[in-house]
J.: 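Dumping the structure here so I can ask a few things about it.
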Amino acid sequence: MIATKTIKNKTSTFICYAGIAAASIAGLSGCSNTDEPKRSPVDYVNPYMGNISHLLVPTYPTIHLPNSFLRVYPERIDFTGDRLRGLPLVVTSHRGSSAFNLSPFQRDVAELRPVMSYSYDQEEIKPYSYSVYLDEEQIEVAFAPSHQSALYQLDFEQDKPAFIMVNSGNGSLKWDGKALSGHQSIGNHTNVYLYLEPELAPTGTSILAKGQLVIGTAAEGRNACVVLQYPAETKQLRLKYGISFIDAEQAKKNLQREIADYDLASLKEAGKKKWNEALGKIEVSGATANDAAVFYTSLYRTFERPVSISEDGRYFSAFDGTVHDDNGIPFYTDDWVWDSYRAHHPLNVLIDTQKEEHILHSFVTMASQMEHFWLPTFPEINGDSRRMNSNHGVATLLDAHVKGLKGFDLEKAYEAAKLAITEKTLAPWSGAPAGELDRFYKEHGYIPALKDGEQENIPEVNGFERRQPVAVTLGTSYDTWCLAQLAKALGKDDEYEFFLKQSVNYRNLFHPETHFFHPKDAEGAFIEPFDYVFSGGQGARGYYGENNAWVYRWDVQHNIPDLIQLMGGKEAFVKNLDDMFNQPLGKSKSEFYAQLPDHTGNVGQFSMANEPSLHIPYLYNYAGQPWKTQKRIRILLKQWFRNDLMGVPGDEDGGGMSSFVVFSKLGFYPVTPGSPIYSIGSPVFKHARINLPNGKVFEVIAPDASEINKYIQGAKLNGKVLDTPWFSHDDLTNGGTLEFEMGDKPNRSWGIAGTN
C-alpha cells in the first residue's frame, strides 16, 4: 500500500509516490507525472543498491524468486566492470560464481573462448527478470527465472550464423539430439545438474577443445564446452532449462513441472506476482521515495537466503552425501548463521513463521546427517563450512521457541546445540572436536589469549585463523544463556543451572578500570600493553573478530542490565556509548581499513557495516535515554542505507544486515534474539501494516513522522499509553495498533518507565 501525495505548482500537477522504479543504478526521483501508474512493492526494489562499498562485497544484483535455489546475477570482473563474463545459468551459493555459462556469438570461430567476454549496455535488472544488450555482438538478451528453472530469449540483429556455447567449469555436458544435459562439481561430492532445451533444434553441434571447434556432442573436464550451431536466418532463439542437485533427470522434471512453453512474458508476470506476495507481507506509506525504495530493496534481500533445495519431495544433502525424502517439509540450506541470527531469523519468525520452522527443522536434520550430532554454524549447499566464531544457531532455536513456533523437534534441537557447544571445539573456523582450549574454558571461564609474538600451538585452531579469545568468550556466554533457557523449557533444571552459570563468563574478561572486554593470558593477567582500536592484528582476530574492542564492548546482548552495572551504572554506560560514536579512527583511512577491512561504515569506532554492531544503537533504551536511540537510528539509516550503488556500508551477507534496515524503518528491533521483546527506535513511515501469518494485522502509525520529526513524544499500544521503550512479541502477533506522536525535539521523559 503506497500512499500518494499531490503537489501543485504554477504550471502542472504531479503525483509523488512513496517509492521508485528499480531500473537505475543511481537514485531516481520519487515524483512522476500523473500518467505514471501506481507501482506494486516489487517495483520499488533496486537490485543495484549497494553493489559497491568501501572495501568488501555488500550485495549482488540477484535475479531469483523468494528463497529459490535458482539464482543468477551478471558476472563482471569487478562490481562496476565494463564487461560481462558470459550469461549465467545458476549461482549455487551466495556470492558464488555461476556453475554454467551461456555464451551466444556471431563472430569468427577463431575468437571462441570457454566463456565469452561481452561489452554491454541497456542493462535492466528486476528481482524476477533480466535484460541486456550485447552491443558489440548486436544481441538482445532477456531472462526470467522460476524456482528451479529459467528461460533465456536471444534476439540476433546480424545476418550471420549463430552459435550458442554452454560451458561447465568443472564437469560434463552432452547433447542428445533434443536437449543438453550435464553437471558441474561444486565441492564436497556435490554436483549441480543442468537440463537445457532450445526451442529450435540446432543444425549442428561441436565441442570447444584447446580453442578449436571439433565435431562432437559431449565434453568433460575443465571448461567442458558444447556449441550449438544455427543458420544465418535465425533471428530469435529461446532456451529453457532446469537445474537440480540430485541428477540431470530431476533437472528435466523440474523444468517440465515449472515451464511448459517458451512464453517469457508469462514467466516474468508469474515471477512478479510471487515477489509481490512476498514483499506485500509488509505495506508501508508516508515517507520519501527513497525511504520506500531502501525499505523494499532491503526486504527483497532477506529472501535471497536460505534456499529451499527440495525437488519433488526429495533433496540431495551434502551433509551426508545422500538423497533423502523431505517428508513434506522443504529442506533449506545456505544460511550464514553468525550473520543471520541477529535480525534475519527474527524477521522470518515474524512474517514467515512456517518457513522459519522449516529452516530450523532443516538445521536439526543436518545435525543428524553429519558425523557428529552438532548443530551447523554455516550450512551451505555443499555442507557446513563451520566459519566464524561461536555457535549462534542455538539463538535461532530459542528465539523461535519463545515466540511460539512448534514446527521442529525442540528436544533434538537442544541436544544438537548442546553438543555443538560442549563437544565441538570453540575455536573459530573449526569443526574439530573439543581440545585444550575448550578444557581451559570449562575450567577458567574464558579463552586464553596469546601475547604478541607468541606462536599458536593448539591443533584445533584453524591454520589460517586465530583464536579470537574475547569474541569466543563473549559469544559462548550468549550461546550458553540460550542453552539455559532451552533447558529450562524442557524441564532440565540441572542443565539450566549449569549453563546459566556459564552465561556470565563474559565477566571474566571485563576490565574494571577501562570498561572494555580485555584479553587475558593463561595465567589470568590482562594482556599489556594494549590498544583497543588496533591490537589483535589483521581483523583484530588475535583477540576479537572482524571488529575491534569498541564494538565487542557491547556484545552482551543477553544481559544488558548486568553490563550496565559492570560499567558503573546508566550514566557511565551512556557515556561509553557516546564515546564510541565520537572516538576517531586513530590512523588514516588507508591504514585503518588495511587492518580492519570489515570494520567499515564508521561513526567514530562504531561500525554500521558489520553485524555485531546492529543492536548497539538501541542500547540507550536500557539506560533511560531512548531519545538517543531515536536520534542515532535515524542518523545511521540516512548516512549508510541509500538508494544508490554505494547504499550499503559493508558486508550485507544476503539479508543479515538488510533485516536491520527493515526492522529499524518500521520503528523497532529484536535486540536479544531468544527474548520475545522488541526495542523501539524511530518509525520512518507514517503508516506500516504487517500482515501476519496468523491472519491478523499489526499497524505502526506515526502521522507526523518525517526526517525532522524523528523523536517520540508519546505512544499508545492498542489505545493504551505505552511509556516503555519496548513491547512484546505477543503484543505484535495478537494484532493491533502501535501509535506514535512524533516531534522535532527529544522528549526526555518518554520511554524511561521500566528502565529505573
Side-chain angles (χ1 to χ4, degrees), residues 1 3 18 281-288 290-292 294-296 298-299 302 342-343 346-347 349-351 614-622 625-638 640-641 657-672 676-692 697-744 746-747 750-754:
M1 181 174 64
K281 296 174 190 294
I282 306 178
E283 304 171 63
V284 297
S285 63
T288 69
N290 284 328
D291 281 323
V294 171
F295 179 83
Y296 278 116
S298 299
L299 187 55
T302 70
R342 304 166 197 269
L347 183 61
V349 168
L350 186 59
I351 65 172
L614 299 184
H615 71 291
I616 294 174
Y618 288 90
L619 295 180
Y620 289 107
N621 281 350
Y622 298 80
Q625 296 195 36
W627 70 270
K628 287 194 173 184
T629 282
Q630 296 155 33
K631 173 185 174 181
R632 184 58 60 187
I633 287 295
R634 285 295 199 95
I635 289 173
L636 292 170
L637 290 173
K638 182 179 179 181
W640 296 113
F641 299 97
M657 190 174 298
S658 290
S659 300
F660 164 86
V661 179
V662 172
F663 274 119
S664 294
K665 281 188 173 289
L666 290 173
F668 55 92
Y669 184 77
V671 167
T672 307
I677 299 295
Y678 297 104
S679 191
I680 292 172
S682 175
V684 170
F685 299 102
K686 297 181 188 299
H687 185 217
R689 174 188 172 100
I690 304 172
N691 299 306
L692 297 163
V697 172
F698 185 78
E699 295 179 281
V700 180
I701 300 174
D704 297 319
S706 67
E707 186 174 334
I708 294 173
N709 291 340
K710 67 183 74 170
Y711 295 105
I712 297 172
Q713 307 300 302
K716 290 182 179 180
L717 181 62
N718 294 327
K720 296 181 180 179
V721 171
L722 178 69
D723 52 9
T724 59
W726 44 69
F727 61 96
S728 75
H729 182 73
D730 284 345
D731 289 332
L732 197 162
T733 56
N734 287 334
T737 303
L738 178 60
E739 299 175 76
F740 292 106
E741 180 186 349
M742 307 297 292
D744 62 347
N747 178 357
W750 181 85
I752 61 174

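Along the sequence shown, residues carry numbers from 1.
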J.: May I ask you to test the K716-L722 pair for a side-chain heavy-atom distance under 4.5 Å?
T.: no
J.: Show, in sequence, the C-alpha distance, side-chain angles and deciding distance for F295 and F685, and conclude whether the ring-ring contact (aromatic ring centres under 6.0 Å, His included) test is met.
T.: CA-CA 10 Å; F295 179 83; F685 299 102; 5.4 Å; yes
J.: Taking all non-hydrogen atoms of both residues into account, name the closest pair between F698 and G735 and its distance.
T.: CD1-C, 4.3 Å
J.: Could you tell me the separation between the CG atom of L619 and the OG1 atom of T629, rounded to the nearest 0.5 Å?
T.: 7.0 Å
J.: Would you say that L347 contacts L299 through its side chain, given a criterion of any heavy-atom pair below 4.5 Å between the two side chains?
T.: yes
J.: Measure the shortest side-chain to side-chain distance between V684 and R634 over non-hydrogen atoms and say whether it is less than 4.5 angstrom.
T.: yes
J.: To check you understand the geometry: which heavy-atom pair defines the closest contact between F641 and L636, and what is its length?
T.: CD1-O, 3.9 Å
J.: So, the side chain of D291 versus the backbone of A287: is there a donor-acceptor pair under 3.5 Å, distance only?
T.: no
J.: Looking at every heavy atom in both K281 and I351, which two are closest together, and how far apart are they?
T.: CD-O, 3.5 Å
J.: May I ask you to decide if K710's main-chain N or O and S682's side chain share a donor-acceptor pair within less than 3.5 Å?
T.: yes
J.: Does K638 NZ have over 12 foreign heavy atoms under 6.0 Å away?
T.: no
J.: Which pair of non-hydrogen atoms, one from V284 and one from Y296, has the smallest distance, and what is that distance?
T.: N-OH, 3.4 Å
J.: Let me see the working for D730 and L732 under side chain to side chain contact (heavy atoms under 4.5 Å, CB included), right down to the final yes or no.
T.: CA-CA 5 Å; D730 284 345; L732 197 162; over 6 Å; no
J.: Run the side chain to side chain contact (heavy atoms under 4.5 Å, CB included) test on S298 and V294 for me, step by step, so that the C-alpha distance in whole Å, both residues' side-chain angles and the decisive distance to 0.1 Å come before the verdict.
T.: CA-CA 6 Å; S298 299; V294 171; 4.1 Å; yes
J.: Between W726 and V671, is there a side-chain heavy-atom distance shorter than 4.5 Å?
T.: no
J.: Check whether K686 reaches the backbone of P703 with its side chain - one donor and one acceptor, N or O, closer than 3.5 Å.
T.: yes
J.: Applying the side-chain contact (heavy atoms from CB on, under 4.5 Å) criterion to I282, which one of L350, L666, N691 satisfies it?
T.: L666
J.: Please lay out, stage by stage, how D744 and Y711 fare under the test side chain to side chain contact (heavy atoms under 4.5 Å, CB included).
T.: CA-CA 6 Å; D744 62 347; Y711 295 105; 5.7 Å; no
J.: When rounded to the nearest 0.5 angstrom, what distance separates NZ in K720 from CG in D731?
T.: 10.0 Å
J.: Looking at P670 and P346, what are the two nearest heavy atoms and their distance?
T.: CG-CB, 3.8 Å
J.: Does the side chain of Y669 come within less than 4.5 Å of R342's, by heavy atoms?
T.: yes
J.: Will you find, in the side chains of H729 and Y678, an N or O donor that is under 3.5 Å from an N or O acceptor?
T.: yes
J.: Could you grab the distance from atom OG of S658 to atom CZ of F663, nearest 0.5 Å is fine?
T.: 12.5 Å
J.: Work out which heavy atom in L717 is nearest to a heavy atom in F727; give both atom names and the distance.
T.: CD2-CB, 4.4 Å
J.: If we ignore hydrogens and angles and just use 3.5 Å, is the side chain of S664 paired with the main-chain N or O of V661 as donor and acceptor?
T.: no
J.: Are side-chain heavy atoms of N747 and W627 found at a separation under 4.5 Å?
T.: no
J.: CZ/F660 to NZ/K665 distance, rounded to the nearest 0.5 angstrom?
T.: 10.5 Å
J.: Answer whether the closest heavy-atom distance between the side chains of E699 and H687 falls below 4.5 Å.
T.: yes
J.: Less than 4.5 Å apart, side chain to side chain, heavy atoms only: is that true for Q630 and W750?
T.: yes
J.: Could you check whether any side-chain N or O of D723 sits under 3.5 Å from a backbone N or O of G751, counting only pairs where one atom can act as donor and the other as acceptor?
T.: no
J.: Indicate yes or no for a side-chain donor-acceptor contact from N718 to the backbone of T737 under 3.5 Å, with no hydrogens or angles considered.
T.: yes
J.: Roughly how far apart are I712 CD1 and E741 CD, rounded to 0.5 Å?
T.: 10.5 Å
J.: Whether the side chain of N709 engages the backbone of M742 through a donor-acceptor N/O pair (distance < 3.5 Å, no angle test) should be reported.
T.: no
